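Quick caveat: nothing in here was measured; it's all calculated off a predicted structure. The chains referred to below are lettered A, B, ... by the order of the sequence lines, with proteins before strands, and numbering in each begins at 1. Because only heavy atoms are used, hydrogens play no part in the values below, and waters and symmetry mates are left out as well, while side chains stay in.
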Amino acid sequence: MAQKPSIPKGTRDFNAVEVAKRSYIMDTIKEQFELYGFQPIETPSFENSQTLMGKYGDEGDRLIFKILNSGEYLKKISEDDYASRSEANFTPKISEKALRYDLTVPFARYVVQHQNEIEFPFKRYQIQPVWRADRPQKGRFREFYQCDADVVGSTSLFQEVEFIQLYDAVFSALKLESATIKINNRKILSGIAEVIGAQDKLIDFTVALDKLDKIGEEKVKEEMRSKGISEAGIAQLQPLFSLEGDFATQVGTLKSILNSSEIGLKGIEELEFIDGAISNLGLKTAQLQLDVTLARGLNYYTGAIFEVSAPEGVNMGSIGGGGRYDDLTSIFGKPDTSGVGISFGLDRIYLVLEELDLFPETITDATKVLFINFGEQEAMACLNAVTALRAENIKAELYPDSAKMKKQMTYANRRNIPYVVLVGEEELNSNTFTLKTMETGEQQELDLPSLINILR
RNA sequence: GUGGUUGUAGCUCAGUUGGUUAGAGCGCCUGAUUGUGGUUCAGGAGGUCGUCGGUUCGAGACCGAUCUUCCACCCCA
């Protein structure tokens, strides 16, 4: 065999069944998005590097796929630039475009660029692939789909409330019950950092805290020490490590820690509002859970932070995330525009539904009847019938070649086509159709109206 | 980017301390059956053992590099 062709690592081909299952998830999400009043937009696969670089932290920059310039780009590089061997310096000179890394930053760019055509508050959804130059592992790909819904131009906390309802609505529609929507607030994290005298180390602090349930209390403290957070500060965090109970109990503990922090108390107030509203409205199947250690997400979140974890027992990272960002559009020159949004990880939801066997059985809607081809004249008569069936919205096809009957029958069998129609010399003369039901093997001779009637 | 792991027929996998012509099941093709698939029977095709290099009289097996798979870390959906 010649050298086998292949696709880049972290990418996948999808067959017809996989496409059908993916469409099912996508259509479900889309339906709920629209039910909540979001309008679709799309943005290019690649953006100017400048738009993306520096928006996701150093780690993010590393994971952005850069596109090599066209033409004789090397001729424009100076000897000094070659000699410097510095990627930070060299890369921008040979690459001016990059594949999008998420949908939020391109959306911010879109909002700023089209601000005069947009009605605010602007509610948009976007379902498109994104690319990350990451090392693949379970549920982690280099090309994957995000399904985002965001609102910009409103600071109302009712948006947060509605997004929680939207998460609940989507997962309920997908029969993915008992999804846990974890919520936290960046202001609380800022408040805690302030209280322990580590305002300037907010990111290090939150990243360490985020690992609590994964690496445990001691290792978290260790990491905080190594990042230069004081022993006294860490001691003040002690109540956090044993935070338990329902929403109100946890909030009570937090209040006692944060009583000197204005911003922290503001965060608590926001949380209480959201929780109060959700309690009032109720959720169908999802659970809302306060998780103070939740710090995931990008540096641009300023208020609420959301993350949805897969149901217990399924080893999968988060299947959705989101939050409030007060300042995202200011990096593109439009200050004071608050936004909040959520994202669904299509590819991970797929894996979870697969693992829990939650896809509906009738997900593929394939051909219902295949006409066997006996020759030119017979095929012509078949095509007439096929056309009539299609006009009745019955999925029908004619085998294109007058191959051996065994071959044509095998073909129908393999494709799980439930009915086969035979039109040979005999049927041609009597203007009838022999309909065979594949499962039972039964056959009956019919005229066209009866055929349509049975197959409809 | 760091550490580990995987690769043998279309698929799932055997293959002994390195030793003739690399096997099985399933699938595929042909026929039994010229107007009947899914069952049965008979026969058949298909592999540069991921790739490149090395050690050896001899490599699917040992060593190195590289690609790929999966996993952990970093980070993240």
Side-chain angles (χ1 to χ4, degrees), chain A residues 1-12 25 29 56-64 87 100-104 127-148 167 203-204 206-208 210-211 214-215 219 223 294-299 306-310 315-323 341-352 370 372-375 378 399 402-428 434-443 445:
Chain A
M1 196 189 309
Q3 187 156 15
K4 277 188 192 174
S6 64
I7 54 176
K9 79 172 150 192
T11 66
R12 296 146 302 154
I25 298 172
I29 293 174
Y56 310 100
D58 293 344
E59 200 57 43
D61 282 359
R62 200 194 81 206
L63 299 176
I64 292 173
E87 283 85 4
R100 72 169 162 251
Y101 176 90
D102 72 356
L103 301 178
T104 307
I127 298 178
Q128 290 191 276
V130 303
W131 294 269
R132 296 187 187 174
D134 208 351
R135 217 179 259 205
Q137 49 181 281
K138 186 177 183 184
R140 176 177 281 198
F141 308 98
R142 300 214 290 185
E143 176 183 63
F144 63 96
Y145 270 72
Q146 287 191 331
C147 314
D148 276 29
Y167 264 140
I203 303 285
D204 286 338
T206 52
V207 165
D210 185 50
K211 294 178 188 165
K214 206 166 179 182
I215 63 175
K219 294 224 163 136
E223 182 166 332
L294 175 61
R296 292 265 180 119
L298 303 160
N299 305 332
F306 302 114
E307 179 172 302
V308 184
S309 47
N315 178 26
M316 182 67 59
S318 60
I319 54 178
I342 59 174
S343 181
F344 291 82
L346 171 73
D347 301 82
R348 287 189 177 177
I349 291 171
Y350 183 104
L351 292 172
V352 171
L370 177 78
I372 301 293
N373 189 328
F374 280 85
E378 291 89 342
Y399 194 90
S402 61
K404 278 187 192 167
M405 185 155 174
K406 181 186 168 93
K407 185 170 180 162
Q408 300 189 45
M409 292 297 290
T410 304
Y411 179 79
N413 198 49
R414 292 242 175 89
R415 285 189 50 196
N416 283 317
I417 297 173
Y419 295 98
V420 159
V421 169
L422 300 110
V423 178
E425 199 181 342
E426 209 177 290
E427 287 88 350
L428 200 59
T434 298
L435 176 70
K436 171 163 178 155
T437 307
M438 291 299 273
E439 199 179 341
T440 60
E442 281 171 49
Q443 293 187 191
E445 204 171 324

Sugar-phosphate only, base, or nothing, as touched by A:E427 at under 4.0 Å among non-hydrogen atoms: base

Presence of donor-acceptor pair under 3.5 Å, side chain of A:R135 and base of B:rG3: yes

A:R140 (side chain) donor-acceptor with A:G10 (main chain) under 3.5 angstrom: no

Euclidean distance for P, B:rG18 against B:rG60 (whole angstrom): 13 Å

Quiz item: A:N413 side-chain donor-acceptor pair to B:rG38 base, under 3.5 Å: no

Sugar-phosphate only, base, or nothing, as touched by A:G139 at under 4.0 Å among non-hydrogen atoms: base

Assigned partner base of B:rC41, Watson-Crick or wobble definition, under 3.5 Å: B:rG31

Nucleotide paired to B:rG25 in any strand shown, Watson-Crick or G-U, under 3.5 Å: B:rC11

Inter-nucleotide P distance (B:rU2, B:rG7), Å rounded: 23 Å

Given B:rG37, B:rA77, B:rC75, the nucleotide with the shortest approach to the side chain of A:K211: B:rC75

Selected nucleotide, minimal atom distance to A:Q137 side chain, candidates B:rA72, B:rA77, B:rG37: B:rA72

Nearest-angstrom distance, C1' atom, B:rC74 to B:rC63: 31 Å

Closest nucleotide among B:rU69, B:rC74, B:rG35 to the A:K9 side chain: B:rU69

Touch class at under 4.0 angstrom, heavy-atom based, for A:G375 against every strand present: nothing

5' priority, RNA chain B, between A:K214 and A:Y145 [closest heavy atom]: A:K214

Rounded interatomic separation in angstrom, taking CD1 from A:I372 and C1' from B:rG37: 9 Å

P atoms of B:rG25 and B:rG31, separation to the nearest Å: 23 Å

Sugar-phosphate, base or nothing in reach of A:F344, heavy atoms under 4.0 Å: nothing

Touch class at under 4.0 angstrom, heavy-atom based, for A:I319 against every strand present: sugar-phosphate

Distance between C1' atoms of B:rU66 and B:rA72 (Å, rounded): 23 Å

Flag, side chain of A:E439 to backbone of A:P418, donor-acceptor distance under 3.5 Å: no

Length of the line joining A:L351:CG and B:rC76:P, which is rounded to integer Å: 20 Å

Touch class at under 4.0 angstrom, heavy-atom based, for A:E59 against every strand present: base

base_contact_polar (B:rU36 base, A:Q408 side chain, donor-acceptor, <3.5 Å): no

Phosphate OP1/OP2 of B:rG31 contacted by A:K404 side-chain N/O (<4.0 Å): yes

For atom CD of A:Q443 and atom P of B:rG37, their distance in whole Å: 11 Å

Whole angstrom value for the distance that separates P of B:rA77 from CD1 of A:I349: 13 Å

Separation of atom CZ in A:R12 from atom P in B:rU69, rounded to whole Å: 11 Å

Spacing of the C1' atoms in B:rU8 and B:rU51 (rounded, Å): 14 Å

Nearest-Å distance once atom C1' is located in both B:rG43 and B:rU6: 37 Å

Sugar-phosphate, base or nothing in reach of A:S343, heavy atoms under 4.0 Å: nothing

Rounded interatomic separation in angstrom, taking OH from A:Y411 and C1' from B:rC29: 18 Å

Base B:rC70 paired with A:R140 side chain (donor-acceptor, <3.5 Å): no

Nearest-Å distance for atom pair CZ/C1', residues A:R132 and B:rC75: 9 Å

Strand partner of B:rC57, provided both Watson-Crick or wobble distances fall under 3.5 Å: B:rG19

B:rG10 and B:rC49, which share atom name P, separated by this distance in whole Å: 12 Å

Protein-nucleotide distance (A:I215, atom CD1; B:rC74, atom C1'), rounded to Å: 12 Å

Touch class at under 4.0 angstrom, heavy-atom based, for A:R414 against every strand present: sugar-phosphate

Near-strand residues of residues 435-442 of chain A, defined as heavy-atom separation under 4.0 angstrom from RNA chain B: A:K436, A:M438, A:E439, A:G441

Touch class at under 4.0 angstrom, heavy-atom based, for A:V207 against every strand present: sugar-phosphate

